[in-house]
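Only one structure is covered here, and it is reproduced in the block below.
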2 protein chains.
Amino acid sequence: MTELLKILQKIMPKEMSALSRRYTLLHTIRLFQPIGRRLLSQKMRISEKVIRTDTELLKSEGLIDIVFAGMTLTEEGARVLDSLQELMRPLEELDKVREGVQTLLESQELYVVPGDSQNNQEAFKELGKEAARVLLEHLQGKSTVAITGGSTIRKVVEAIPFQKAPSPFPKLMVVPARGSLGNNAKIQANNLVAKMAERLQCRYRLLNLPDNLSRKSLDSVSQEPEIKEVFSLIRNADIVLFGIGIAERMVERRNLEPSVMEEIREKRAVAEVLGHYFDGQGNIVSTSCSIGLRLHELEQGGGYPIAVAGGADKAEAILAVRKYLRRGALVIDEGAAKRILALAAGSKTL
Amino acid sequence: MTELLKILQKIMPKEMSALSRRYTLLHTIRLFQPIGRRLLSQKMRISEKVIRTDTELLKSEGLIDIVFAGMTLTEEGARVLDSLQELMRPLEELDKVREGVQTLLESQELYVVPGDSQNNQEAFKELGKEAARVLLEHLQGKSTVAITGGSTIRKVVEAIPFQKAPSPFPKLMVVPARGSLGNNAKIQANNLVAKMAERLQCRYRLLNLPDNLSRKSLDSVSQEPEIKEVFSLIRNADIVLFGIGIAERMVERRNLEPSVMEEIREKRAVAEVLGHYFDGQGNIVSTSCSIGLRLHELEQGGGYPIAVAGGADKAEAILAVRKYLRRGALVIDEGAAKRILALAAGSKTL
DNA sequence: CTAATAGGGACTTTTTAAGGCCCGGAAGCG
DNA sequence: CGCTTCCGGGCCTTAAAAAGTCCCTATTAG
């Protein structure tokens, strides 16, 4: 049943909003019948005219009665509403989950896609698509996008449709948010930058630095004119697209020394964002030696953050860095959202 | 599943046509891929622009690929199409049934509604609704409607929505197509005429004649000025709405003498339309003594016929009078339609 | 080469949705 | 009683989407 909804959503996205609107309309009418257009329009926060158009349709289909006192459901309308309720349940539930997470995290923009990326590749793909959509929406007029690496961001990049020449974003520039991390080339920021630029038909700059430089060579390299230029782009990025990682998993992936892992464990780091490790309270407990965008710059800076994370196992990490997610957009999936709510409920009762 | 379709059809009728169009589009693309817009537009008999709008939507959803050679389904598109096929099957099947009956009966207008009125009251109601819709569609500008009695026409009348004063059909006049028949007042033509006029907010005239008059008194009554006036209205009716009856059942219902029943049986009458009884070949074998519209008048006359019949058991009767159904609209249900096809196939092999 | 077919862009016309406003009627209330 | 506050419905204007039309370039089969 939920399968069907997704397909309908795919094949007639616009029309589906009419469906849910009319469903809510029927629902509200049942709740308050008899009720008139004005009140309905207030309660549903929809313009009166739209209510009117819809009610006229529903009346002509014999689902509602319209008399002087207001509108009421007919028997058939009640039956239809019941059947619709079955159909819409997953959609409504997802919306409730979204609401719950929204009040908890207070994100500026929150998107929750169905499914759980942890054990469903399809869902992971959809997460990427949604994030790509959000990104493209914010791209208008912006000129610099900084992105991190990671398998999640990779999904986002792969979900960006190829744009045609001539470029619709002629002034766009994509840069990695930080120096390269990890050894899996496919999910390195540099690689993703190139891929994204290819899809967006725009320019890009890379940060070709070896991993885990010493403090000293890091400082000296930072003085290189070319590097400095990229740094300046990064610091002035208009959009920062990043994933939220699970601390331990990131350490493993980056092939760091055992000592680092010990540190992570000892300090109970759970989340990783932009090279910083966080404990459950959101305190930075460690920062990897790569270079690039710093968190506090993101916190107050003008760059618009777009955070993406999917899968129930990411819930703890998302909660840990919640205070950094209030600005900007957050794109998660149902699995993560539900676990977030469960964890929050649990910690409240403790 | 078929339930769901009906509900969607109810709550978003316009949008559903887009759904079936896009479904057919995907289907056709799969069949002929790679294929271009022009060819598609030819094959589907849809303007090229519509194809273009739809394909752009489908492409943006990633269901099809568009390359120089034409359009092809993506993997996801194929999956979506398969799932849609499940959903659309009942709809497609009904359409095929309709096509089959259409080629068989060659009706000017043929409507087939889902379900079987014989054993489903809901379906019977829907049949009435569809017929009412057809009637209202043809009402524009027309001034006289003649209707018969019968439970089917009763359903049609009851499905006509109440119109508001001032009457949208000020010049409309409803008359019974024939004198009263049968003893069940609720389904007598006179009664239905009054009900219909009430709903349409229009004038009406009745034919208050006793049943089964002798030839002689019939002739004399026919000379009455008032009766003559109604006759003239009937003869010049712009629309004739009538049901198709099963001969034996009609005889029973009309409480006719046993001799009549014997005659019906002897001459193998199967159908009854407008007071005439027909055998399986469509020959008139008997005519009841009531008065009013004659069949041959309908056959060549200017009045637009709207015939309504539902239920598998009506199939034989419908087939018997098929030659009278080519002009005008025919509204039947799935049950009748399927039986019609089965009977036709059977008689062909004999 | 040419002719045919592909997608795509640009423009106009048509249709439909939305917005906004006002009207008369029924019900509740001082 | 008169007042306000609901109600649906009519009507006109504006805005946006869909459809229709025409023309363009690229690719490929013959």
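Everything numeric here is computed off the predicted structure, so don't read it as measured data. Side-chain atoms are counted along with the backbone in the values below, which use heavy atoms only and exclude waters and symmetry mates.
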Can you list the residues that meet the side-chain contact (heavy atoms from CB on, under 4.5 Å) rule with B:Ala194, with sequence neighbours excluded? B:Tyr204
Going by salt bridge (charged side-chain N to carboxylate O under 4.0 Å, His left out), name the residues that satisfy it together with B:Glu76, two or more places apart in sequence or in a different chain. A:Lys10, A:Lys129
List the residues meeting ring-ring contact (aromatic ring centres under 6.0 Å, His included) with B:Tyr23, not counting sequence neighbours, and say none if there are none. B:His27
Does D:dA18 have OP1 or OP2 sitting under 4.0 Å from an N or O in the side chain of B:Thr53? no
Output the residues of residues 19-29 of chain B in contact with DNA chain D, where contact means a heavy atom of the residue under 4.0 Å from an atom of the strand; sort by number or write none. none
Output a table of donor-acceptor pairs, distance under 3.5 Å, between side-chain atoms of residues 44-51 of chain B and any protein atom two or more places apart or on a different chain; print 'none' if there are none.
residue : atom : partner : partner atom : Å
B:Ser47 : OG   : B:Val50 : N            : 3.4
B:Glu48 : OE2  : B:Arg37 : NE           : 3.2
B:Glu48 : OE2  : B:Arg37 : NH2          : 3.2
B:Glu48 : OE2  : B:Arg38 : NE           : 3.2

Taking the nucleotide of DNA chain C with the closest heavy atom to each, which residue, B:Ile35 or A:Asp54, is nearer the 5' end? B:Ile35
Taking only residues two or more places apart in sequence or in another chain, which ones pass side-chain hydrogen bond (donor to acceptor under 3.5 Å, both in side chains) with A:Glu130? A:Arg133
Residues two or more places apart in sequence or in another chain: which of them pass ring-ring contact (aromatic ring centres under 6.0 Å, His included) with B:Phe124? none
Could you run down nucleotides 22-30 of chain D 5' to 3' and tag each one B, S or - for protein heavy-atom contact under 4.0 Å? -----SS--
Can you list the residues that meet the salt bridge (charged side-chain N to carboxylate O under 4.0 Å, His left out) rule with A:Asp82, with sequence neighbours excluded? A:Arg30
Taken to the nearest whole Å, CD/A:Glu56 to C1'/D:dG9 is 8 Å
Has the side chain of B:Thr103 got a donor or acceptor atom that lies under 3.5 Å from a matching backbone atom of B:Glu99? yes
B:Ile51 CD1 to D:dA18 C1', straight-line distance once rounded to whole Å: 14 Å
Just call it for A:Ile46: base, sugar-phosphate, or nothing, with non-hydrogen atoms closer than 4.0 Å on any strand. nothing
When rounded to the nearest 0.5 angstrom, what is the spacing between CE in A:Met196 and CG in A:Leu172? 9.0 Å
To the nearest angstrom, how far is B:Ile66 atom CD1 from C:dT5 atom P? 19 Å
A:Asp54: side-chain hydrogen bond (donor to acceptor under 3.5 Å, both in side chains) partners, not counting sequence neighbours: A:Arg21, A:Arg22
Applying side-chain hydrogen bond (donor to acceptor under 3.5 Å, both in side chains), name anything that partners A:Lys125, two or more places apart in sequence or on another chain. none
On DNA chain D, nearest-nucleotide positions of A:Pro34 versus A:Glu15: which is more 5'? A:Pro34
Nearest whole angstrom, please: distance from the C1' of D:dA18 to the NZ of B:Lys14. 13 Å
Let me check the geometry of the helix from C:dC1-D:dG30 to C:dG30-D:dC1. What is the bend angle between the axes at its two ends, five pairs each, to 10°? 20°
On the nucleotide C:dC21, are OP1 or OP2 found under 4.0 Å from the side-chain N or O atoms that A:Lys49 carries? no
Specify the separation, in whole Å, of atom CG of B:Leu39 and atom C1' of C:dA6. 10 Å
